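Reviewing the structure listed below.
Not measured: the values here are computed from a predicted model. Residue numbers run from 1 in the order of the sequence given. In each ligand, atom 1 is the first atom listed, and ligand 1 is the first ligand listed. Side-chain atoms are counted along with the backbone in the values below, which use heavy atoms only and exclude waters and symmetry mates.
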Amino acid sequence: MSDPIDRPTPRRKPKREVTQIGGRTLKPSTLMMGYGYDPVLSEGSLKPPIFLTSTFVFESAEAGKRHFEGITGKRAGGAEGLVYSRFNGPNQEILEDRLSVWDGAEDALVFSSGMTAICILMMAFCQTGDVIVHSGPLYAASEGFVAKVLGKFGVTYLDFPAGATREELDAVLSDAKTLAAEQGGKVAMIYLESPGNPTNALVDIEAVRAARDAALDPAVTPIAIDNTFLGPLWQSPLRHGADIVAYSLTKYAGGHSDLVAGGVSGAKRWMDPVRALRNTMGGICDPNTAWMLLRSLETLEIRMQRATENAIQVCDFLKDHPKVEGVGFLGLLTDGRQKDIYDRHCSGPGSTFSLFVKGGEAESFRFLDNLRIAKLAVSLGGTETLASHPAAMTHLSVAPERRAQLGIADNLVRISIGIEDAGDLIADFEQALAAV
Ligand SMILES: Cc1ncc(COP(=O)(O)O)c(C=O)c1O
């Protein structure tokens with residue numbers, strides 16, 4: 001079978017979508033109930049069935065030939081429908097349409113995990129000699145992929161602290177250009193994570209955009225951003241200058257701690273090379289997970305709103321507690337630069353924050369071991385409250401000096417607030433702190 005490496009499989013859009021009524025543009029929360037799905041194609045079923053199939057039947061040999069002429073580029077216009085499930089399927093297509101709606105993106109792609117999305121995204125734009133410039137901190141696996149895996153293939157990186165100013169960004173991009181020239185490559189991508197995991201440090205996307213446009217060719221070096229902590233409800237990076245948004249859909253989008261998936265969205269010209277590599281490698285989200293995500297996206301707004309309201313109440317209680325050194329919550333920012341970025345980029349603080357317990361690892365562990373409602377588990381963005389210790393868990397692989405530099409301290413507990421009753425959660429944190 002020939003792979004559609006250079007000519008990605010185009011999408012079939014059978015139904016005319018209603019996205020406006022009387023000049024009013026419909027909101028994502030409305031569109032999540034039907035956008036991208038045509039019941040006529042599925043026996044009138046209100047909800048999309050789960051399409052468990054590895055391949056799709058051609059109407060005739062001639063139609064099959066036309067599909068492949070389209071896929072391989074021998075005929076303009078691409079394939080006329082679905083071909084093979086490593087490339088796409090109905091559930092994934094609907095999910096991709098709906099993910100694009102949330103991000104205001106032209107196109108989106110879904111993957112079997114957030115890390116599959118991030119790895120394929122980076123690989124699609126890099127070749128030997130290239131440089132990636134990234135913000136810090138990043139989720140440890142993303143940072144490890146850049147440094148340890150892409151490094152094996154001759155791709156190097158430079159990083160900058162999340163809150164970097166325009167001057168600092170200009171300096172790192174200038175160094176990156178020099179390095180790329182020495183290596184015979186290009187600056188392949190500016191990769192951001194904002195808020196950064198686990199410190200919640202924000203990146204000034206508008207400043208990154210201005211610095212990129214001044215120093216580099218915007219057609220060659222995309223700005224990608226991991227928007228897992230706030231998106232897609234509380235931050236829309238494409239509107240602030242990013243070209244590509246990446247997600248661990250495992251988190252708020254999935255929202256029930258019962259699936260693993262990832263996504264990227266952006267303009268079609270940025271998505272096409274990523275889709276082509278996904279077509280070759282696989283890594284597309286499976287139909288069952290896509291179906292569960294469609295269900296999750298219907299309640300995304302109310303889940304994220306409730307979790308955020310809860311987090312505001314919980315942090316209000318924690319911030320003045322005598323056993324608490326500080327709370328790294330976007331709703332309680334004290335640093336002027338971070339607050340300025342927040343006010344320009346974010347519409348809400350989300351529900352994941354860092355709690356600095358007075359003391360070190362021992363005190364933090366005592367707090368964690370005494371929680372009764374909150375579960376001691378990595379991950380975030382679920383309906384239930386989770387707590388973990390990044391220095392000893394998710395970020396253990398990060399070198400101690402770098403952890404210290406990034407503020408991933410031994411007394412940092414990361415908390416993701418769920419949709420339980422806020423008073424109950426406060427009672428739980430109160431008794432766990434009493435036990436420290
Ligand atoms: C910010 C961020 N990005 C990416 C990932 C990776 O996502 P996944 O676990 O779905 O592969 C995570 C996981 O915790 C994360 O927190």
Side-chain angles (χ1 to χ4, degrees), residues 95 99 103 108-123 132 134-147 149 159 162 189 191-203 205 224-235 237 242 244-265 278 281-286 289-290 292-293 296 304 307 328 330 346 350-354 375-382 384 386-398 406 408 412-417:
L95 176 60
L99 190 60
D103 284 321
L109 298 164
V110 290
F111 297 83
S112 57
S113 74
M115 281 318 301
T116 314
I118 291 163
C119 297
I120 292 184
L121 168 67
M122 289 180 177
M123 281 191 288
I132 290 190
H134 74 76
S135 61
L138 295 183
Y139 176 59
S142 306
E143 197 159 306
F145 184 74
V146 173
V149 181
D159 65 332
M189 175 176 283
Y191 182 83
L192 317 175
E193 186 175 299
S194 183
N197 184 353
T199 58
N200 262 348
L202 294 171
V203 180
I205 308 165
I225 177 168
D226 183 333
N227 191 34
T228 297
F229 268 44
L230 285 184
L233 198 66
W234 302 126
Q235 183 170 249
I244 300 166
V245 185
Y247 289 104
S248 167
L249 298 175
T250 313
K251 311 297 191 280
Y252 288 98
H256 297 72
S257 305
D258 55 6
L259 61 86
V260 175
V264 294
S265 8
R278 185 188 68 176
M281 296 181 70
I284 189 168
C285 166
D286 70 90
T289 302
M292 288 169 72
L293 275 160
S296 292
M304 288 191 82
L330 292 176
C346 314
S351 72
T352 300
F353 61 91
S354 17
K375 307 283 186 298
L376 179 47
V378 297
S379 202
L380 56 111
E384 66 286 284
L386 298 182
S388 64
H389 189 271
M393 298 171 190
T394 45
H395 291 69
L396 184 65
S397 61
V398 178
L406 296 172
I408 307 171
L412 190 166
V413 171
R414 191 187 68 191
I415 296 175
S416 162
I417 296 290

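Protein heavy atom at the shortest distance from atom 6 (C) of ligand 1 is Y139 CE2, 3.4 Å. In this structure, atom 14 (O) of ligand 1 lies nearest to the protein heavy atom K251 NZ, 2.9 Å. Scanning the protein for heavy atoms near atom 11 (O) of ligand 1, the closest one is M115 N, 2.8 Å. In terms of protein heavy-atom proximity, atom 16 (O) of ligand 1 is nearest to N197 ND2, 2.9 Å. Ranking protein heavy atoms by distance to atom 2 (C) of ligand 1, first place goes to D226 OD2, 3.4 Å. Ranking the protein heavy atoms by distance from atom 10 (O) of ligand 1 puts T250 OG1, 2.6 Å first.
Separating the CG atom in L330 from the OG atom in S351 is a distance of 10.5 Å, to the nearest 0.5 Å. The OG atom of S416 lies 12.5 Å from the NZ atom of K375; values are rounded to the nearest 0.5 Å. Distance check: L406 CG to L138 CG gives 9.0 Å after rounding to the nearest 0.5 Å.
Proximity of a side-chain donor or acceptor of H134 to a complementary backbone N or O of M189 within less than 3.5 Å is not detected. The backbone N or O of E193 lies less than 3.5 Å from a partner atom in the side chain of S135, making a donor-acceptor pair. With hydrogens and angles ignored, the 3.5 Å screen pairs no side-chain donor or acceptor of S248 with any backbone N or O of G114.
Shown in contact with A261 at under 4.0 Å from a heavy atom are these atoms of ligand 1, numbered in order with element: 10 (O). Contact atoms of ligand 1 toward I118: 4 (C) (distance under 4.0 Å to a heavy atom of the residue).
Proximity of L249 to ligand 1, defined as any heavy-atom pair under 4.0 Å, is not found for any part of the residue.
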Report task. Walk me through it: do Y247 and N227 pass the test side chain to side chain contact (heavy atoms under 4.5 Å, CB included)? Result -> CA-CA 6 Å; Y247 289 104; N227 191 34; 3.0 Å; yes
Query raised in the report: When you look at Q235 and F229, which way does the side chain to side chain contact (heavy atoms under 4.5 Å, CB included) test go after all the steps?
Result: CA-CA 9 Å; Q235 183 170 249; F229 268 44; over 6 Å; no
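Within the structure, ligand 1 lacks S142 among the residues with a heavy atom less than 4.0 angstrom away.
An N or O contact shorter than 3.5 Å links G114 to ligand 1 by distance.
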